[in-house]
Amino acid sequence: MKRLLVLAYYFPPLGMSGVQRTLKFVKYLPENGWQPVVVTPDHRGSYGHDPALLAEAAPATIVRTRSLDPLFLSPPRNDPHAVNKHRGSINLVNFFFVPDNKIGWVPFAVAAGVRAGRRQRIDAVYSTAPPYSSHLAALLVATILGKPLVTDYRDAWSQRNPLNHLPTALHQRINRALERCVSRHSRLVMAINREIADGLRAADQPPDKFVVVPHGYDPQDFAGLPRPDRGQKFTLAYSGTFMGDRNPAVLAEAVSHLKRNQPQLYADLRVVIAGSHRPQDPGIVARLGISDVFDFRSYLPHQQSLALITQADALWLVIGAREGPTVSSSKLYEYLGAGRPVIASIPAGCAAARIIAQTKAGIILDPRDAQGLAAAIAALYQRRQQGRPLFKPEAAEVSAYDRRAITQRFARLLDSITPGTASAN
């Protein structure tokens, strides 16, 4: 069996969406001929812990390191508003750290990666970003070990990306130069959608180096989860983080419209918001006098989050109008796995809109269209009242995002850059 050295800053017992892609690769790579060896920091300061996820990482050898980044050095906390409370300070800190404030992990990741790589006789090096510092560490490890490098992008780096604020033109140029350097030395560059992959391509690089390996969902995660109860109120759920332009404002306006114009529906409506949100977000709802319909919850462990969305009648997705075309939101793929209709308040040209249209998973609305959102909720409610199916997705298109199949493709890509006999056991 060949061995893959995985450099991942975010990994269980840390929870939240950033760990899922790497975790599912680790879970399913062994059945495709690859043994993962994971290098990751000990997450002292993180708040979104989900220790149950460690069971899925059992196939991997895990090497935990120290770090000198602000998150590692901060005290442990369990604050559901932490991501948004510290967004401004994170952007300020990132002014002084390039490519990001996780650069303090690089020396520890390199030292541990080289030691593990030699001890385990690894065949290839893989890194996932953000944070983009992971790619710099992986580049050094792969160079020292003389092994092929695979770099993976869950979000865009130097392209327009609301989660990676580049404060000045100088920051933009430096990050773009680092991105090109990493790509030039990578044997494969993977991205979750074609928009990110196209932005990474360079004229002096072979085009087949840049491949799309999408996010997905794991059918095993949904096994045995309850489905909607027809006796419950019509439930619309949102699972994710509110930040930047992502907030409940358009949904609150839609529900307020329903309260005025369809009071019977309003009386039978329940909206559940689960995930990190700002203290002002429930205030948006309260000012419209509709707090009785909304249920705000903080971060939920992965299985609880999936149980929430599978029991809902419909799922809401929001992406801000200014977020750019590269955003597809990892939550969308779990919405697909839940098999519930998606009402998406998202820009028409973004990656998420293309996937929803391709899978026929729901309806796409302008993120500012409150009346359209109210009409979409009312239409689904009416179908439920009539006992009619709420929607009919393209099953074959949805199944293409099965994590197991995606990992199989990833393994074949790894095989293509590491021909020959597997490492000795």
Could you pull out the closest heavy-atom pair between [X] and [Y], with the gap in Å?
{"X": "A307", "Y": "L225", "result": "N-CD1, 4.0 Å"}
{"X": "S328", "Y": "Y333", "result": "OG-OH, 3.6 Å"}
{"X": "V250", "Y": "L373", "result": "O-CD2, 3.8 Å"}
{"X": "R201", "Y": "D198", "result": "NE-OD1, 3.1 Å"}
{"X": "I343", "Y": "A376", "result": "CG2-CB, 4.0 Å"}
{"X": "A348", "Y": "A353", "result": "O-CB, 3.3 Å"}

Mind checking whether [X] and [Y] have side chains closer than 4.5 Å, heavy atoms only?
{"X": "P36", "Y": "Y126", "value": "no"}
{"X": "F391", "Y": "I363", "value": "no"}
{"X": "L170", "Y": "R173", "value": "yes"}
{"X": "R340", "Y": "P228", "value": "yes"}
{"X": "V26", "Y": "F11", "value": "yes"}
{"X": "L29", "Y": "L414", "value": "yes"}
{"X": "K331", "Y": "S305", "value": "yes"}
{"X": "I273", "Y": "V285", "value": "no"}

How long is the gap from [atom1] on [X] to [atom2] on [Y], to the nearest 0.5 Å?
{"X": "L258", "Y": "E253", "atom1": "CG", "atom2": "CD", "result": "12.0 Å"}
{"X": "R119", "Y": "R3", "atom1": "CZ", "atom2": "CZ", "result": "12.0 Å"}
{"X": "K2", "Y": "N32", "atom1": "NZ", "atom2": "CG", "result": "12.0 Å"}
{"X": "E323", "Y": "S329", "atom1": "CD", "atom2": "OG", "result": "9.0 Å"}
{"X": "I284", "Y": "N247", "atom1": "CD1", "atom2": "CG", "result": "4.5 Å"}
{"X": "L139", "Y": "T143", "atom1": "CG", "atom2": "OG1", "result": "4.5 Å"}

Has [X] got a side-chain atom pairing as donor or acceptor with [Y]'s backbone, closer than 3.5 angstrom?
{"X": "D281", "Y": "R278", "answer": "yes"}
{"X": "Y299", "Y": "M16", "answer": "yes"}
{"X": "E179", "Y": "S158", "answer": "yes"}
{"X": "D100", "Y": "S133", "answer": "yes"}
{"X": "Q304", "Y": "P301", "answer": "no"}
{"X": "T151", "Y": "S127", "answer": "no"}
{"X": "Y238", "Y": "G275", "answer": "no"}
{"X": "H135", "Y": "D152", "answer": "yes"}
{"X": "N193", "Y": "T326", "answer": "yes"}
{"X": "R270", "Y": "T235", "answer": "no"}

Q: Let me see the working for R118 and L145 under side-chain contact (heavy atoms from CB on, under 4.5 Å), right down to the final yes or no.
A: CA-CA 8 Å; R118 287 172 174 163; L145 296 177; 3.6 Å; yes
Donor on one side chain, acceptor on other, [X] and [Y], under 3.5 Å:
{"X": "T168", "Y": "H171", "result": "yes"}
{"X": "H215", "Y": "Q20", "result": "no"}
{"X": "T128", "Y": "R154", "result": "yes"}

Q) In this structure, are over 12 heavy atoms from other groups packed under 6.0 Å from Q371 atom CD? A)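 Not buried by this count: 12 neighbours or fewer within 6.0 Å.
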Q.
Would you say that more than 12 heavy atoms from the other residues, nucleotides or ligands in this model lie under 6.0 Å from the NZ of K360, or not?
A.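 Counting other residues, nucleotides and ligands, NZ of K360 stays at 12 neighbours or fewer.
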(Q) Could you check whether R368 pairs with D366 (Lys NZ or Arg NE/NH1/NH2 to Asp/Glu carboxylate O, under 4.0 Å)? (A) yes
Q.
If the threshold is 4.0 Å, N to carboxylate O, is there a salt bridge linking R403 and D221?
A.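 So R403 does not pair with D221 through a salt bridge.
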Q: Kindly determine whether D313 and L380 satisfy side-chain contact (heavy atoms from CB on, under 4.5 Å), including the steps that lead there.
A: CA-CA 8 Å; D313 292 284; L380 288 176; over 6 Å; no
Q) Mind checking whether Y9 and W105 have parallel, tilted or perpendicular rings, split at 30° and 60°? A)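 Perpendicular.
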Q) Relative to the ring of W157, is the ring of Y132 parallel (under 30°), tilted (30 to 60°) or perpendicular (over 60°)? A)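 Correct class here is parallel.
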Q: Take I356 and Y335 through the test side-chain contact (heavy atoms from CB on, under 4.5 Å) and record every step on the way to the result.
A: CA-CA 10 Å; I356 292 172; Y335 281 11; over 6 Å; no
Q) Stepwise, does the side-chain contact (heavy atoms from CB on, under 4.5 Å) test hold for Q35 with Q120? A) CA-CA 10 Å; Q35 175 63 38; Q120 299 284 345; over 6 Å; no
